[in-house]
Number of protein chains: 4
Amino acid sequence: MATTLSSGAQEPKRQRGHLRVAAIMEAGVAVFTEKGYDAATMTEIAARSSTAIGSLYRFFPSKESLADALLSRYVQHTTSGFATLADQAPAMTPHQLADAFVDFMASLHSQRSLAVALVDARGGSDERRARFRETMRGGIATILRNAIPHLAKAQSETMAVVLLHVLKAVAGAGEEKPAARRKLLAEIRKLVRVYLEAAQNDTD
Amino acid sequence: MATTLSSGAQEPKRQRGHLRVAAIMEAGVAVFTEKGYDAATMTEIAARSSTAIGSLYRFFPSKESLADALLSRYVQHTTSGFATLADQAPAMTPHQLADAFVDFMASLHSQRSLAVALVDARGGSDERRARFRETMRGGIATILRNAIPHLAKAQSETMAVVLLHVLKAVAGAGEEKPAARRKLLAEIRKLVRVYLEAAQNDTD
Amino acid sequence: MATTLSSGAQEPKRQRGHLRVAAIMEAGVAVFTEKGYDAATMTEIAARSSTAIGSLYRFFPSKESLADALLSRYVQHTTSGFATLADQAPAMTPHQLADAFVDFMASLHSQRSLAVALVDARGGSDERRARFRETMRGGIATILRNAIPHLAKAQSETMAVVLLHVLKAVAGAGEEKPAARRKLLAEIRKLVRVYLEAAQNDTD
Amino acid sequence: MATTLSSGAQEPKRQRGHLRVAAIMEAGVAVFTEKGYDAATMTEIAARSSTAIGSLYRFFPSKESLADALLSRYVQHTTSGFATLADQAPAMTPHQLADAFVDFMASLHSQRSLAVALVDARGGSDERRARFRETMRGGIATILRNAIPHLAKAQSETMAVVLLHVLKAVAGAGEEKPAARRKLLAEIRKLVRVYLEAAQNDTD
DNA sequence: AATGAATGAGCCTTCATTCAT
DNA sequence: GATGAATGAAGGCTCATTCAT
């Protein structure tokens with residue numbers, strides 16, 4: 001299993017280093033999520049992970065490389081989740097699939113907010129943003145075709161774009177108070193459900 | 001109430017002041033949209049509006065105050081649009097309402113990107129963000145209740161949250177190529193439609 | 001007469017600004033000369049010219065741009081000095097020319113040390129270094145051909161390279177104690193003299 | 001003086017230590033020459049010699065100490081070369097001596113660039129620079145007195161300063177293209193020759 | 001009132017050097 | 001003794017904001 005460190009970073013070679021890297025990444029998640037990419041400062045990330053600024057830069061040679069690593073980790077989580085969903089999709093009704101989608105996004109939890117901070121906001125390179133989106137869309141489109149066999153490829157891709165957007169709302173739900181949150185999730189479930197059912201009916 | 005005498009002397013100045021402010025706001029829209037709140041610089045906004053930096057600060061005493069002004073203007077646009085929709089809603093079918101929603105969001109066009117830059121991204125004060133969202137949600141909830149008479153207030157508010165999120169996708173569609181854009185808009189229309197129809201059926 | 005500010009710098013537009021620029025340049029000369037390009041810090045240059053660091057960067061948007069401006073000024077001094085020498089050269093004996101060369105270099109005084117710090121040392125872009133040398137060599141070669149009519153162009157250029165190097169020693173003499181300095185200058189005069197006389201005899 | 005017993009156990013380690021030191025010094029020469037003293041980093045020198053940074057600091061407790069060691073080695077090379085020249089000088093004509101000087105400097109070749117990086121550029125302590133120069137000047141002065149018997153001590157020292165400077169041009173010639181390089185070296189030979197001949201005539 | 005020069009906190013990043021393993 | 005992680009001062013540079021002219 002490759003490390004999450006990417007481009008140019010020094011891989012830690014000792015136990016201590018791995019712990020440090022983990023602490024930095026967690027602090028990075030927190031700060032980027034709270035402040036957004038631009039407003040986050042490396043100094044604060046270092047402080048929150050009790051790391052000297054120089055040590056932070058040993059493992060992540062730039063602010064962007066830290067963001068990259070964080071995003072990569074998120075992409076891996078998501079990709080493998082999508083792969084699982086794709087396997088189960090053929091046996092699912094649209095209703096079940098809708099729930100599965102929402103449950104999965106809800107499980108990503110705080111990480112979604114991070115992705116928003118790093119991808120949707122300015123500051124990240126356009127290329128990375130584009131690649132990230134393509135990955136997400138592709139994963140969803142595949143799931144859709146597995147669940148709704150007669151769905152045309154083009155149509156599945158358009159739907160994926162829409163669905164991906166809708167599912168982002170699940171992350172947003174995290175900011176609401178528990179009661180409102182629950183209601184909101186139920187409503188999103190419903191939205192996805194009627195959408196998927198309509199799609200299935202169209203293809204029949 | 002001022003006499004024509006004194007107002008005559010002041011008019012040119014006021015006139016110029018208004019032009020200045022307008023120029024600054026336009027430049028602000030452009031720069032915030034292109035770069036995002038954090039990366040935008042007051043110096044560039046001043047330059048693009050051919051305004052001395054000192055003059056810019058005379059009218060808008062801080063970067064945040066400029067962003068506030070821009071956001072307020074956007075809120076007013078939207079609010080009045082929502083008011084119109086609310087008037088027409090009672091006579092609309094869910095299908096028509098869905099189209100009306102999407103058309104309206106599409107008409108906001110570039111302004112949406114600005115709102116994203118100023119609200120969704122970090123950098124703006126939390127307070128402002130909250131107020132902004134409340135306004136948007138309230139407007140949509142009212143429209144929904146006008147169109148679907150038996151809708152409970154609580155339910156209309158939950159739906160508004162969901163719907164607002166979905167409609168944001170319309171702004172995102174602006175980044176796609178024309179062909180994909182058209183398909184995407186059609187798909188969003190469909191999503192909103194089935195959602196609204198389901199809501200109406202629930203209340204019957 | 002164009003300002004000495006180059007690439008990207010904001011030209012001062014007020015009296016105050018010009019004074020500031022002059023103060024910065026003087027401080028730049030001092031610090032670069034004392035420490036060399038790399039070891040010189042913009043902070044120190046700012047402090048020595050009683051300038052806020054931000055103001056320094058207003059006029060010289062990078063460390064390199066300041067070095068460029070300083071070097072340009074030196075090149076202009078030198079170029080015009082060479083032009084004068086070139087005019088007088090036809091009427092001079094090699095002996096007189098040798099003295100004129102040394103006197104001229106001695107008059108450049110401290111500025112020579114600056115050029116060494118900015119050109120001969122690492123840190124400056126290679127391109128700038130190359131252009132600078134070409135200018136100096138060309139000037140000397142022209143003077144030589146004016147003073148020694150029958151000198152072939154190629155030969156004058158080779159001699160210019162050698163002569164330029166020798167004349168740099170005049171700058172180095174500045175570091176010696178006055179007594180040693182005087183002897184050294186006399187010796188360099190002699191060296192240049194015998195070299196130029198030999199060159200003239202060769203062409204006869 | 002150690003017994004062969006104990007020294008036998010240590011030998012392999014010493015051997016390895018020597019190799020290490022040699023590797024570090026070679027890397028140091030390369031990096032200092034390429035980048036100059038300031039821009040060279042201990043980390044790169046460690047990497048190029050396949051040495052852990054901690055080990056590098058075991059042998060050379062500071063960047064300056066490494067530079068010192070390198071410079072000392074160069075001084076030794078030069079000193080012994082000068083000693084040889086001093087032995088041969090009594091039997092040489094000024095013409096031959098000029099060639100011998102130039103040939104010797106040319107033989108130092110790349111090492112000269114290192115010396116420039118470490119001595120002429122700022123960054124080295126003034127003390128070291130002064131000592132280095134004194135050594136070089138003393139060596140040349142001795143050679144001159146051996147070759148030109150009646151030369152006064154003071155005069156020989158002044159000439160040594162001049163000559164040392166001129167001979168540095170030989171190192172600079174290394175940067176020219178081969179053809180230009182050859183011409184340049186020939187020209188420097190001529191310069192040194194006429195200078196030495198003039199000196200001899202003066203003393204007669 | 002308009003202009004633009006001045007200010008300085010703070011950002012990202014580098015690197016010589018030390019120290020725990 | 002070797003290794004490489006840790007440290008933190010310092011550097012170049014930006015930009016929101018203020019103030020003198």
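In the text below, chain A, chain B and the rest are named by the order of the sequence lines, each starting its count at 1.
For the pair Asp38(C) CG and dA16(E) C1', the computed distance is 15 Å after rounding to whole Å. As a whole-Å value, the separation of Leu66(C) CG from dG11(F) C1' is 15 Å.
At a threshold of 4.0 angstrom between heavy atoms, the contacts of Ala47(B) with the nucleic acid are absent. At the heavy-atom level, Thr51(D) lies nowhere under 4.0 Å from the strands shown. At the heavy-atom level, Ser55(A) lies under 4.0 Å from base atoms of the strands shown.
A sub-4.0 Å separation between OP1 or OP2 of dA6(E) and a side-chain N or O of Arg58(C) is absent. Between Tyr57(A) and the phosphate of dT13(E), there is a side-chain N or O to OP1/OP2 separation shorter than 4.0 Å. Using a 4.0 Å cut-off, some side-chain N or O of Arg20(C) falls inside it from OP1 or OP2 of dA6(E).
The partner of dA16(E), taking Watson-Crick or G-U wobble pairs whose two distances both stay under 3.5 Å, is dT7(F). Judged by Watson-Crick or G-U wobble contacts below 3.5 Å, the nucleotide dT21(E) has dA2(F) as its partner.
If Ser62(D) and Phe59(B) are placed on DNA chain E by their nearest nucleotide, the residue sitting closer to the 5' end is Phe59(B).
The side chain of Thr41(A) sits closest to dC12(E) out of dC15(E), dC12(E), dA16(F). In the set dA6(F), dC13(F), dT13(E), dT13(E) carries the atom at the smallest distance from any side-chain atom of Ile53(A). Nearest to the side chain of Ala52(B), among dG8(E), dG4(E), dT13(E), sits dG4(E).
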Could you give me the CA-CA distance, side-chain angles and deciding distance for Thr41(D) and Thr43(D), then say whether side chain to side chain donor-acceptor pair (under 3.5 Å) is met? CA-CA 5 Å; Thr41(D) 76; Thr43(D) 301; 4.7 Å; no
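Across all their heavy atoms, Leu70(D) and Met25(D) have their closest contact at CD1-CE, 3.5 Å.
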